[in-house]
There are 2 protein chains.
Amino acid sequence: MSGSHPMRKPTQGPKAQTQLRTLERLEAACRTRGRRLTRQRRAVLRALLAEGGALTAYELHERLRVADGRSTPAGVYRALEFWMTAGAVHRLESTRSFILCEHPESPHPGQLLICHECGQVVETEDKGVAAAANRLGERLGFVLDRHPVELTGVCRPCRAQGRAAEPGRRPAT
Amino acid sequence: MSGSHPMRKPTQGPKAQTQLRTLERLEAACRTRGRRLTRQRRAVLRALLAEGGALTAYELHERLRVADGRSTPAGVYRALEFWMTAGAVHRLESTRSFILCEHPESPHPGQLLICHECGQVVETEDKGVAAAANRLGERLGFVLDRHPVELTGVCRPCRAQGRAAEPGRRPAT
DNA sequence: CGCAAAATGATATATTGTATCAATCAGTGT
DNA sequence: ACACTGATTGATACAATATATCATTTTGCG
């Protein structure tokens with residue numbers, strides 16, 4: 001993930017601030033409800049925060065292992081499972097990686113825009129997309145769940161640098 | 001995939017007819033453009049058609065191996081890659097499986113509604129969802145590509161049978 | 001036919017994700 | 001402080017998914 005893409009540097013801008021507050025809120029909320037906030041779980045969340053983007057489970061494992069040699073893949077997956085259940089982490093199916101949720105206080109389903117050139121991920125809560133998806137679901141008898149919708153494409157900086165501009169597909173017809 | 005879910009039986013209704021025509025058209029189109037339509041590629045496409053739903057690469061491998069003991073996972077992945085490039089097969093990221101495209105003649109990005117109870121997949125080309133997604137992309141500087149959008153939920157039959165009705169999430173806050 | 005490009009077969013290996021079970025830890029009541 | 005209980009972890013093994021490599025075979029074409 002971050003090894004294969006020129007991932008954006010984790011800045012200390014207002015976004016990181018927000019995430020930090022979010023982190024504290026999540027940790028507190030978790031503690032007060034009988035769910036345990038353990039060393040390992042905290043470590044996973046903080047590693048994702050420090051990264052500022054998506055990481056695979058094994059990349060997380062590598063990072064945690066530096067500070068705690070006993071970290072295992074299974075442990076990382078357990079912690080990720082815990083945070084996903086809590087709504088604090090999303091899984092990116094299309095890149096098999098994990099990322100902090102930027103709107104953990106909202107119950108709405110969101111969208112994740114993923115640049116397949118640089119790996120950047122932008123999380124949104126677009127009413128239009130959500131409504132259109134729900135209407136479609138209704139029409140076909142599906143009740144959609146709240147996993148964020150993944151939309152892949154190329155972000156502006158990558159287009160500007162000439163990395164893949166075409167929407168592409170259809171070599172056949 | 002089909003082993004773990006009570007997958008719908010492949011019917012011989014009008015849909016299968018359509019798919020069959022589609023199959024022939026694809027095979028022909030492929031042949032006439034310098035791309036090779038080989039035994040293995042044909043076998044993969046036909047196995048997906050026969051299934052009438054999604055299959056993982058290894059499930060496909062199992063099936064092909066019956067008729068041709070030399071089938072390998074690598075070969076299956078290569079054939080799938082070929083058909084995906086041709087727009088004839090979609091990959092379902094959320095279930096790591098593959099399914100025939102039902103609208104291979106259309107260049108529009110589609111949606112895949114996936115029931116996570118029974119595994120059923122419905123492919124659509126909803127203008128509303130597509131437009132909303134593109135607007136969102138524009139707003140954020142992303143040019144979206146044409147991978148179908150995956151929407152997961154529970155289909156009507158599964159809700160009727162009491163399998164999981166709730167949209168669910170948020171045990172935390 | 002004979003060449004070059006495309007595709008395959010065979011094999012190995014990388015990556016991603018779970019299962020199991022004994023040991024440990026954290027909260028609770030005493 | 002102590003023991004009880006359930007949650008969590010550590011350690012290990014393994015399952016499932018996906019790709020790399022390279023020698024060989026097949027195909028299209030002149």
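The model shown is predicted, which means the values in this text are computed figures rather than measured ones. For the numbers below, each heavy atom of this structure counts, side chains included, while hydrogens, waters and symmetry mates do not.
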Asks: Flag the pair A:Thr95 / A:Thr56 as yes when at least one side-chain heavy-atom distance between them is below 4.5 Å, and no otherwise.
Replies: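 No; the side chains remain at least 4.5 Å from each other.
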Asks: Mind checking side-chain contact (heavy atoms from CB on, under 4.5 Å) for B:Glu81 and listing every partner two or more places apart, or none if nothing turns up?
Replies: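 Listed in chain order: B:Met84, B:Thr85.
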Asks: Among residues at least two apart in sequence or on other chains, which ones pass side-chain contact (heavy atoms from CB on, under 4.5 Å) with B:Ala47?
Replies: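 Here the qualifying residues are B:Leu60, B:Leu64.
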Asks: With B:Arg135, which residues qualify under salt bridge (charged side-chain N to carboxylate O under 4.0 Å, His left out), at least two apart?
Replies: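 B:Arg135 satisfies salt bridge (charged side-chain N to carboxylate O under 4.0 Å, His left out) with no other residue.
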Asks: Suppose we screen for salt bridge (charged side-chain N to carboxylate O under 4.0 Å, His left out). Which residues come up paired with A:Arg78, at least two apart in sequence or across chains?
Replies: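 Counting only residues at least two positions away or on another chain, A:Arg78 forms no salt bridge (charged side-chain N to carboxylate O under 4.0 Å, His left out).
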Asks: What is the distance, to the nearest angstrom, from the CD atom on B:Glu81 to the P atom on C:dA6?
Replies: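 After rounding, the gap between these two atoms is 15 Å.
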Asks: What's the CD-P distance between A:Glu59 and C:dA14, to the nearest Å?
Replies: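 Roughly 17 Å, once rounded to whole Å.
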Asks: Which pairs, protein N/O on one side and nucleotides 9-16 of chain D N/O on the other, fall under 3.5 Å?
Replies:
| from | atom 1 | to | atom 2 | distance (Å) |
| --- | --- | --- | --- | --- |
| D:dT9 | OP1 | A:Thr38 | OG1 | 2.5 |
| D:dG10 | OP1 | A:Arg39 | NH2 | 3.4 |
| D:dG10 | OP2 | A:Gln40 | NE2 | 3.4 |
| D:dG10 | N7 | A:Arg78 | NH2 | 2.7 |
| D:dG10 | O6 | A:Arg78 | NH1 | 3.1 |

Asks: Distance check needed: C:dT15 P versus B:Tyr77 OH, whole Å only.
Replies: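 Result: 15 Å.
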Asks: Can you check the B:Phe98 CZ to D:dT17 P distance for me, whole Å?
Replies: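 Whole-Å distance recorded here is 10 Å.
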Asks: Calculate the interatomic distance between B:Leu37 atom CG and D:dG28 atom C1'; express it in whole Å.
Replies: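 After rounding, the gap between these two atoms is 14 Å.
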Asks: Can you sort out the partners of A:Thr38 under side chain to side chain donor-acceptor pair (under 3.5 Å), two or more places apart, ordered by chain and number?
Replies: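 For A:Thr38, no residue satisfies side chain to side chain donor-acceptor pair (under 3.5 Å) once neighbours in sequence are set aside.
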Asks: What is the distance, to the nearest angstrom, from the NE2 atom on B:His61 to the C1' atom on D:dT17?
Replies: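 After rounding, the gap between these two atoms is 13 Å.
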Asks: Quick one: side chains of residues 148-156 of chain A, donor-acceptor pairs under 3.5 Å with protein atoms, not counting sequence neighbours, listed by atom name and distance.
Replies:
| from | atom 1 | to | atom 2 | distance (Å) |
| --- | --- | --- | --- | --- |
| A:Glu150 | OE1 | A:Glu93 | N | 3.4 |
| A:Glu150 | OE1 | A:Ser94 | N | 3.0 |
| A:Glu150 | OE1 | A:Ser94 | OG | 2.7 |
| A:Glu150 | OE2 | A:Glu93 | N | 2.7 |
| A:Thr152 | OG1 | B:Asp145 | OD1 | 2.7 |
| A:Thr152 | OG1 | B:Asp145 | OD2 | 3.1 |

Asks: Salt bridge (charged side-chain N to carboxylate O under 4.0 Å, His left out) with B:Glu62: which residues, sequence neighbours excluded?
Replies: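 In terms of salt bridge (charged side-chain N to carboxylate O under 4.0 Å, His left out), with neighbours along the sequence ignored, B:Glu62 is linked to B:Arg65.
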Asks: Taking atom P of D:dT17 as reference, at what distance in whole Å does atom CG of B:Leu92 sit?
Replies: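 For the pair B:Leu92 CG and D:dT17 P, the rounded distance is 13 Å.
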Asks: Between C:dA10 atom C1' and B:Arg65 atom CZ, what is the distance in whole Å?
Replies: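 Result: 15 Å.
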Asks: Considering only nitrogen or oxygen atoms on both sides, find all protein atoms under 3.5 Å from nucleotides 23-25 of chain C and state each distance.
Replies:
none

Asks: Only one of B:Leu113, B:Leu100, B:Leu112 passes side chain to side chain contact (heavy atoms under 4.5 Å, CB included) with B:Val121; say which it is.
Replies: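 For B:Val121, the side chain to side chain contact (heavy atoms under 4.5 Å, CB included) check succeeds only for B:Leu112.
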